[in-house]
2 protein chains.
Amino acid sequence: MLNYQLLLEEFKRILKEKRLKFTKQRELILQTLYENEGHFSPEEILSLIREKMPNIKIGIATIYRTLALLEEQGLAYSISLGKEGKKYELGLKTHHDHLVCIGCGKIIEFFDEVIEARQEEVAKRFNFLMQEHIMQLRGLCSECQKKKK
Amino acid sequence: MLNYQLLLEEFKRILKEKRLKFTKQRELILQTLYENEGHFSPEEILSLIREKMPNIKIGIATIYRTLALLEEQGLAYSISLGKEGKKYELGLKTHHDHLVCIGCGKIIEFFDEVIEARQEEVAKRFNFLMQEHIMQLRGLCSECQKKKK
DNA sequence: CTTGATGCAAAATATTTGCATGCTC
DNA sequence: GAGCATGCAAATATTTTGCATCAAG
């Protein structure tokens, strides 16, 4: 996993480059994404921050504005599939993909070089500058297959 | 691409099984997803239907309700990316994955046999019974790359 | 000091729900 | 007919925006 200091430096660098300001709120949002594995809605991020820092003044509008900024800069990305609303996750993480068991919810991480290489090729084929990818294989893990029988 | 009659039969079969009713509105929504390539928001689907059948009585609530139903049954998928809100597309299509531009929200569909085959192998390696997979390559499309410069 | 950032509340959107009525089955 | 589906409008939820004020650079 990327070191937080590096991530923070990168964020500051981007802000400086765009002549935007580094604020406590912006830092907290980045930090929250960093410290919490998983995907969060703007509301959830706000709760996490208020839980951790009950005295900080921060509103939902700032969360939205900052997440949009982070996403534009590739430091975060959002995704929504199925029923759930839009969720944000930190970008720049060590890459990995997931096998997700729809029976018990277990998540297995994996990494496959052949797929990775091939994804690069696909991106090139479409003249795409790939920054991230998401891959989830969904199905039943071995235990849940047994249960079904 | 799957034949529309077959798709419709499948839909009717599911409805019967769940003791739900087959209505003109439900059919139109399915048909609209079938006839229009691409990804649409509920509002867009409503417009497409009203455009094609100016006399039909149909409200946005029905669109939402039907899309949720279709998604539950695997006949449609929703996906949301970057700025854009949630978009629906027909399920049961020939399988494909997505390139998503985080600059403009454009979605490009692609299919790569090598990746598909490899996914099967990964699943096998973990003794996983794969039922579906989600893959998104996220980055900047060629136009948005130009804009950034 | 200048300029962008923030919180707040209001506004704009998007989505869901209750209910009287209409349609399938 | 019985019971689900629909449209409509109201209720919610989500996201964006205007503006006075604050604070980073």
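Throughout, a chain's letter reflects where its sequence line sits, starting with A, and its residues are numbered from 1. All figures in this text were calculated on a predicted structure; none of them were measured in a lab.
- In this structure, of C/dT6, D/dG7, D/dC4, it is C/dT6 that holds the atom nearest to the side chain of A/T62.
- Put simply, OH on A/Y88 is 7 Å from P on D/dT15, counting in whole angstrom units.
- When each of B/R50 and B/L15 is assigned the nucleotide of DNA chain D with its nearest heavy atom, B/L15 is the one assigned upstream, toward the 5' end.
- Residues A/Q25 and A/T62 have side chains that never bring a donor and an acceptor to within less than 3.5 angstrom of each other.
- Side chain A/K21 to base C/dT3: a donor-acceptor pair is found below 3.5 Å.
- Checking B/Y64 against B/F22, the closest nucleotide of DNA chain C that is more toward the 5' end is the one next to B/Y64.
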task = For side chain to side chain contact (heavy atoms under 4.5 Å, CB included), just list the numbers for A/K52 and A/Q31, CA-CA rounded to whole Å, side-chain angles, deciding distance to a tenth of an Å, and then say yes or no.
result = CA-CA 11 Å; A/K52 187 171 180 199; A/Q31 198 181 50; 3.9 Å; yes
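- Comparing D/dC4, C/dG7, D/dC8 by their closest approach to the side chain of A/K57 singles out C/dG7.
- For the residue pair A/H133/A/E120, the side-chain donor-acceptor check at 3.5 Å is not satisfied.
- Look at CG on B/L69: it is 9 Å from P on D/dT6, rounded to the nearest Å.
- Counting distance only, with no hydrogens placed and no angle test, the side-chain atoms of B/R65 and the base atoms of D/dG7 include a donor-acceptor pair under 3.5 Å.
- Mapping B/T23 and B/P42 onto DNA chain C by nearest heavy atom places B/P42 at the nucleotide closer to the 5' end.
- Residue contacts shown for A/I58 are limited to sugar-phosphate atoms, with no base heavy atom under 4.0 Å away.
- Cation-pi contact between B/K12 and B/F22: present, with separation from the ring centre below 6.0 Å and deviation from the ring axis of at most 45°.
- OP1 or OP2 of C/dG7 has at least one side-chain nitrogen or oxygen of A/Q25 nearer than 4.0 Å.
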